[in-house]
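Remarks on the structure that follows.
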There are 2 protein chains.
Amino acid sequence: MFSKTCEYGIRAVIYISAKGSQESKIGIPDIGKNIEAPVQFTAKILQTLVHNDIVSSQKGVNGGFYLNKQQKQKQLIEVVRAIDGDKMFSGCGLGLKSCSEKEPCPLHDKFKAIRSSLKKMMEQTTIDEMSKTLKIGRVLLRIEQFVKHEE
Amino acid sequence: MFSKTCEYGIRAVIYISAKGSQESKIGIPDIGKNIEAPVQFTAKILQTLVHNDIVSSQKGVNGGFYLNKQQKQKQLIEVVRAIDGDKMFSGCGLGLKSCSEKEPCPLHDKFKAIRSSLKKMMEQTTIDEMSKTLKIGRVLLRIEQFVKHEE
DNA sequence: TCAATAAAGGATAAAAACATCTTTTATTGT
DNA sequence: ACAATAAAAGATGTTTTTATCCTTTATTGA
């Protein structure tokens with residue numbers, strides 16, 4: 001469904017949102033280890049996410065990644081768009097250039113329905129929500145340390 | 001959504017089903033041209049589809065590809081499975097091995113819903129239906145010659 | 001002010017997906 | 001029988017995606 005790059009990106013964002021804060025930023029080695037993604041590759045993806053204002057970063061001692069308030073409120077679809085672009089939400093399901101509302105391919109309407117529900121889902125899901133889901137006991141990744149985070 | 005390979009495969013199957021018959025088989029050059037796919041690559045995909053009993057073929061003079069009655073009744077999902085395998089319908093949406101019903105990732109339930117509707121759609125769509133949709137005027141591909149096929 | 005730290009950025013490498021080319025095998029009309 | 005035809009099969013090439021490595025830049029605590 002998503003590209004690997006996108007999967008890593010989403011996982012990283014969830015992890016950073018759940019574990020990091022402006023006071024306590026998260027480093028790349030920590031992130032890579034805990035989301036089970038190649039460290040350097042994750043670094044590249046995070047660059048993209050920083051450029052697109054999905055994630056904040058700071059260089060130097062005690063630097064790392066974190067999400068500010070506005071960023072935590074962003075929708076999943078914005079993360080996906082930043083990494084994979086719009087292709088997921090545009091174009092014919094069968095890859096036909098000639099396909100359109102007027103001259104639809106045999107899968108056109110059915111596809112449209114699926115895609116619009118996928119899109120809606122991604123719009124209704126915020127980063128914050130995903131990281132909360134993580135915290136309230138539905139464990140994911142390797143984040144055992146979350147126990148102490150719970151209220 | 002689908003891989004390019006899968007897109008070409010589906011398009012080929014629709015085209016063959018719509019235009020071909022046991023009496024009048026369709027050759028690879030014809031198929032490639034009309035579904036706007038690389039000819040030799042399409043040939044490879046058709047090999048796979050023949051192996052998986054989605055399409056019938058015959059070598060030699062007047063040979064080519066066609067779909068028999070049973071094959072026309074196959075579901076879209078069978079075509080996709082033959083080419084892309086099961087990965088589309090299995091595994092965590094975020095690519096996590098650790099994700100399960102018991103320990104779901106933050107996207108688990110939402111993803112499950114989307115995927116099951118995608119699956120249902122593919123199970124409810126037959127090759128025959130898609131090629132009929134093509135015939136009743138909703139033009140696709142480059143198949144102008146379909147006009148004479150309509151009843 | 002400088003050594004340590006950590007992200008940013010650029011270059012390169014490996015793997016997978018996509019595509020083409022060439023040879024072989026089966027079929028058929030003559 | 002055999003020449004022509006068309007798919008099957010195997011080898012090879014290209015492009016994109018995924019992944020790693022190395023150098024540079026910014027920040028900070030001592």
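Throughout, protein chains are lettered first and strands after them, A, B, ... in sequence-line order, and every chain is numbered starting at 1. The shown structure was predicted, so the numbers you read here are calculated from the model rather than taken from an experiment.
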pair [X]-[Y]: side-chain heavy atoms closer than 4.5 Å:
| X | Y | result |
| --- | --- | --- |
| B/Lys69 | B/Lys72 | no |
| B/Glu23 | B/Tyr66 | no |
| A/Glu129 | A/Gln124 | no |
| A/Arg81 | A/Met122 | no |

Round to the nearest Å and state the distance from [X] atom [atom1] to [N] atom [atom2].
| X | N | atom1 | atom2 | answer |
| --- | --- | --- | --- | --- |
| B/Leu46 | D/dA9 | CG | C1' | 14 Å |
| B/Phe65 | D/dA6 | CZ | C1' | 9 Å |
| A/Tyr8 | D/dT17 | OH | C1' | 11 Å |
| A/His51 | C/dG10 | NE2 | C1' | 13 Å |
| A/Gln40 | C/dA8 | CD | P | 13 Å |
| B/Phe41 | D/dT16 | CZ | C1' | 13 Å |
| A/Lys4 | D/dT18 | NZ | C1' | 8 Å |
| B/Tyr66 | D/dA7 | OH | P | 13 Å |

Q. Looking for any heavy atom pair under 4.0 Å, which part of the strands does B/Ile26 touch: base, sugar-phosphate only, or nothing?
A.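 Here B/Ile26 touches the backbone only, sparing every base.
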Q) Touch check for B/Lys44, heavy atoms < 4.0 angstrom, all strands: base, sugar-phosphate only, or nothing? A)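 Base contact - B/Lys44 has a heavy atom under 4.0 Å of at least one base atom.
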Q.
It should be established whether A/Thr5 places a side-chain nitrogen or oxygen under 4.0 Å from OP1 or OP2 of nucleotide D/dT18.
A.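 Yes, because at least one side-chain N or O of A/Thr5 sits under 4.0 Å from OP1 or OP2 of D/dT18.
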**Q.** A/Ile83: which of A/Asn52, A/Leu49, A/Ile54 passes side-chain contact (heavy atoms from CB on, under 4.5 Å)
**A.**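 For A/Ile83, the side-chain contact (heavy atoms from CB on, under 4.5 Å) check succeeds only for A/Leu49.
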Q. What's the closest nucleotide to the B/Ser57 side chain, out of D/dA7, C/dT20, D/dC22?
A.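 The answer is D/dA7, which lies nearest to the side chain.
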Q. Quick one: which of C/dA8, C/dC18, D/dT18 gets closest to the side chain of A/Val50?
A.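 Shortest atom-to-atom distance from the side chain points to C/dA8.
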Q) Between B/Phe65 and B/Tyr15, does the ring centre distance come in under 6.0 Å? A)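 No, they do not, as the ring centres are separated by 6.0 Å or more.
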Q) Are any side-chain N or O atoms of A/Glu103 and backbone N or O atoms of A/Ser100, one a donor and one an acceptor, separated by less than 3.5 Å? A)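 No, the answer is negative, given that no donor and acceptor are paired below the 3.5 Å cut-off.
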Check nucleotides 26-30 of chain C against the protein and report each pair of N or O atoms closer than 3.5 Å, with its distance, or say if there are none.
unit_1: C/dA26; atom_1: O4'; unit_2: B/Lys59; atom_2: NZ; d: 3.1
unit_1: C/dT27; atom_1: O3'; unit_2: B/Gln58; atom_2: NE2; d: 3.2
unit_1: C/dT28; atom_1: OP1; unit_2: B/Gln58; atom_2: NE2; d: 2.7

